[in-house]
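In what follows, a single structure is set out as structure tokens and then discussed.
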Amino acid sequence: MDRIVIQGGEPLRGDVSISGAKNSVLPMMAAALLTDEELVISRVPSLRDVSTQCKILEALGARVLHDDQKGVLRLRSDNEDLVTAPYDLVKTMRASICVLGPLLARRGRAKVSLPGGCVIGVRPIDLHLKGLQSLGASIEVRGGYIEAETDGLRGTTIYLGSAAGSTVLGTANVLMAAVLADGRTVIENAAHEPELVDLCHCLQKMGAKIDGVGSHCLEVEGVDKLSGAEHTVIADRIEAGTFLLAGAMIGDGLSVLDVVPQHLLAVLEVLRESGANLQVEGNRISVEPPDRPRPMDLTTLPHPGFPTDLQAQAMAYLCRGNGVSMISERIYPDRFIHVAELLRMGAQIRKEGATAIVNGVPRLSGAPVMASELRGSAALVLAGLVAEGETEVHRVYHIDRGYERIDEKLRLLGAHIERVAG
Ligand code: EPZ
């Protein structure tokens, strides 16, 4: 298993171009199942999760042409006999659950493995199933699989709410079923994360009739058929936020390019409040670090609040704060697996329920640490960049799920970082 080895303390300088958004691409790929014409997606990042979603689509009879160099995916789903998304693939990536809605809408049946456990906590899919049942699907769980069928989906009004607010992939799944349902569907409490908005734009290009895009209420007028389309995905705001936090930790003139600053407002606010200097010009954001970050209270929330997918990285940043910060996790109360590893690097963090109390220390020290999930792994890399001495991040396959060539991008910015195979 590869590991990343970092000699901390090297300042990061220069420009880094941000890749296409993983969380846009994955559900969008499932939209290819809604038509027998070709869906072409550009600015596709080269990631393990994208390869996994390709395999799932192939298992469902789709033809997949992936030009990894150019970042272009050509998907055509004209063999509609297959309806099973197998456990071996689904267990490695929960976003694969998004094939359920399109399969039901177009093929009338689906057999999709339940995703299973996840280190960031319990991640139920009850809202996905509730929404699809409201549209007229009958669903049973048997042998670890969701078995769903319908003799025709019919539009209706659906409220999609959990204790944590809206659901991103749940909204995507129900939306992709509703676009081919008979009549009008209203999805109340819909997610409006930028990635979901991006999916709506792609579906509109395919001929879907969706009103209220970007709001909490999506109104969908079902159509008989969708066509192929070409779509370029938005910039990955989580990758951008990760690099901005790195710049606020140990930058010396670091800029992220090709981003949508509007998608990053909560993150920029946190950086400013902590004393970082920011400059936003068009689709470029530059950051200069504070001496030590001012401590703060930070709570993760659905968009436009601070994203849970940057909580771990923000914690790595505030570990060197000039006082006590409180980080509360409202989306995934158990998403704190990185805390124990940050402690190994000299951080002072106490966890109380879904809150981490971070007592800032002047310096972190390099150590061997273990990555256990995607965003937590990125936090360990950030901590390694600023720590004194050597940090070895083991099991970096987690990071490869969602960051395109992160070690290479950091090396180009001046970090002493290398990937060691084996
Ligand atoms: C998406 O997951 C992202 N994944 C996650 O990113 C991200 O952390 C999450 O949204 C929140 O922003 C992709 O887009 C591929 P949710 P999703 O349904 O849609 C509860 C990453 O690191 N809930 O919006 O699965 C749930 O437990 C990943 O890139 C239910 O109760 O998340 C959580 O508390 C990790 N029942 C809340 O809703 C349901 O049926 C929000 O989860 C569904 C969700």
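As the structure lists them, so they are numbered: ligands from 1, and atoms in each ligand from 1.
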Cut-off 3.5 Å, side chains only: do [X] and [Y] have a donor facing an acceptor?
X	Y	answer
S46	D68	yes
R395	S372	no
T156	S134	no
S166	N189	no
E329	T308	yes
H303	E195	no

Enumerated ligand 1 atoms positioned under 4.0 Å from heavy atoms of [X]:
X	answer
A95	15 (C)
A164	34 (O), 37 (C)
I125	39 (C), 40 (O)
R335	8 (O), 22 (O), 35 (C)

For ligand 1, is there an N or O atom under 3.5 Å from any N or O atom of [X]?
X	answer
V168	yes
I331	yes
N23	yes
L169	yes
G170	no
L127	yes

> Looking at CD of E38 and CG of L73, how far apart are the two atoms once the value is rounded to the nearest 0.5 Å?
Replying inline: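 The CG atom of L73 is 10.5 Å from CD of E38, to the nearest 0.5 Å.
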
contact_flag [X] ligand 1 heavy-atom lt 4.0 Å:
X	result
H128	yes
A191	no
R375	yes
Q311	no
K22	yes

What residue and heavy atom of the protein are closest to [atom], and at what distance?
atom	result
atom 30 (C) of ligand 1	P124 CG, 3.6 Å
atom 9 (C) of ligand 1	Y332 OH, 3.6 Å
atom 2 (O) of ligand 1	R123 NH2, 3.2 Å
atom 18 (O) of ligand 1	T167 OG1, 2.6 Å
atom 36 (N) of ligand 1	D126 OD1, 2.7 Å
atom 6 (O) of ligand 1	D309 OD2, 2.9 Å

> Between L374 and K22, is a side-chain contact (heavy atoms from CB on, under 4.5 Å) present by the stated rule, with each step listed?
Replying inline: CA-CA 12 Å; L374 167 60; K22 164 182 90 84; 3.7 Å; yes

> So do the side chains of M29 and I41 get within less than 4.5 Å of each other, counting heavy atoms only?
Replying inline: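 In contact.
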
[X]/[Y] ion pair, N-O < 4.0 Å:
X	Y	result
D67	R74	no
D49	R94	no
D309	R237	no
R411	E418	no

Is ligand 1 under 4.0 Å from a heavy atom in the side chain of [X], in the backbone, in both, or in neither?
X	answer
S162	side chain
T308	side chain
S166	backbone

>> The test is side-chain contact (heavy atoms from CB on, under 4.5 Å); show your working for Y397 and D2 and say whether it passes.
In response: CA-CA 7 Å; Y397 59 87; D2 289 5; over 6 Å; no

